[in-house]
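In this chain, numbering begins with 1 at the start of the sequence shown.
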Amino acid sequence: MIKAEQHYKKSLSIHEALGRKEGIANQYGNLGKVYQSRGDMNKAEQQYKKSLNIHEAIGCTVGMAKQYSNLGLVHRLCGDVENAGKYWQQALELFMEIGASPMVKQVQGFLKSLEK
């Protein structure tokens with residue numbers, strides 16, 4: 001994962017230099033996944049929130065939904081069921097809005113897992 005982090009940071013720098021906001025947001029999301037895989041949930045959450053903020057600013061519904069889903073996973077992994085559910089509900093609504101059926105089913109499964 002060290003190589004992945006290096007590549008994502010390099011890509012982030014390129015997108016920043018070019019002013020490509022969606023690319024910047026995507027790389028923050030990718031970095032969040034790296035930190036999440038390492039078990040560093042604080043850094044993962046920070047990166048996902050950076051990505052979410054950019055996606056919101058540019059009106060990218062798909063990106064917003066993905067980051068809400070990622071934030072739900074982080075909170076679930078930390079045992080914060082209440083906030084996990086809130087983030088997943090937001091993700092679900094956005095995925096339904098854009099008609100992303102596979103993602104709707106996945107997030108519905110996440111929400112169902114909280115009922116147990």
Requested in this report: Kindly compute the distance separating CG (Asp80) from CG (Leu71), expressed to the nearest 0.5 Å.
Outcome: 11.0 Å
Query raised in the report: Sequence neighbours excluded, which residues qualify as ring pair (Phe, Tyr, Trp, His ring centres under 6.0 Å) partners of Phe95?
Result: none
Query - same_hphob_cluster(Val81, Leu73) at 4.5 Å side-chain heavy-atom cutoff - result: yes
Query raised in the report: Side chain of Ser11, backbone of Tyr8: donor and acceptor closer than 3.5 Å?
Result: no
Requested in this report: Work out which heavy atom in Gly32 is nearest to a heavy atom in Ala44; give both atom names and the distance.
Outcome: O-CB, 3.4 Å
**Report entry** Sole residue of Lys33, Gln36, Lys43, Lys66 in side-chain hydrogen bond (donor to acceptor under 3.5 Å, both in side chains) with Tyr48
**Finding:** Gln36
Query raised in the report: So, for Ser69 and Val107, which heavy atoms are closest and what is the spacing to 0.1 Å?
Result: OG-CG2, 4.1 Å
Query raised in the report: Is atom CD1 of Ile2 surrounded by more than 12 heavy atoms (other residues, nucleotides or ligands) closer than 6.0 Å?
Result: no
Requested in this report: To the nearest 0.5 Å, tell me how far Asn30 CG sits from Ser51 OG.
Outcome: 8.5 Å
Query raised in the report: Do Glu45 and His75 meet the criterion of a side-chain donor-acceptor pair at a distance under 3.5 Å?
Result: yes
Query - Heavy-atom pair with the smallest gap, counting every atom of Ala84 and Gly72 - result: CB-O, 3.4 Å
**Report entry** Residue pair Met41 / Leu77: nearest heavy atoms and the distance that separates them
**Finding:** CE-CD1, 3.7 Å
Query raised in the report: Are any of the side-chain heavy atoms of Gln89 and Tyr68 separated by less than 4.5 Å?
Result: no
Query - ILVMFWY network linking Val62 to Tyr87, side-chain heavy atoms under 4.5 angstrom - result: no
Report summary line: In this structure, NZ of Lys86 is separated from CG of Leu111 (nearest 0.5 Å) by 13.5 Å
**Report entry** Distance, nearest 0.5 Å, that separates CD of Glu16 from CG of Leu12
**Finding:** 4.0 Å
Requested in this report: Would you check if Leu114 and Arg76 make a side-chain contact, meaning some heavy-atom pair closer than 4.5 Å?
Outcome: yes
Report task. Any chance you could measure Leu94, atom CG, to Met64, atom CE, to the nearest 0.5 Å? Result -> 5.0 Å
Query - Path from Trp88 to Ile98 over hydrophobic side-chain contacts below 4.5 Å - result: yes
Query raised in the report: More than 12 non-hydrogen atoms from neighbouring residues, nucleotides or ligands closer than 6.0 Å to CZ on Arg38, yes or no?
Result: yes
Requested in this report: To the nearest 0.5 angstrom, please state how far the CE atom of Met103 sits from the CD atom of Gln106.
Outcome: 4.0 Å
Query raised in the report: Closest heavy-atom contact between Gln67 and His55?
Result: CG-CD2, 4.2 Å
Query raised in the report: Going by heavy atoms in the side chains, are Phe110 and Leu92 under 4.5 Å from each other?
Result: no
Query raised in the report: Within a strict 4.5 Å, meaning less than it, do heavy atoms of the Lys50 and Gln47 side chains meet?
Result: yes
Query raised in the report: Should Val74 and Tyr35 be counted in the same cluster of Ile, Leu, Val, Met, Phe, Trp and Tyr side chains packed under 4.5 Å apart?
Result: no
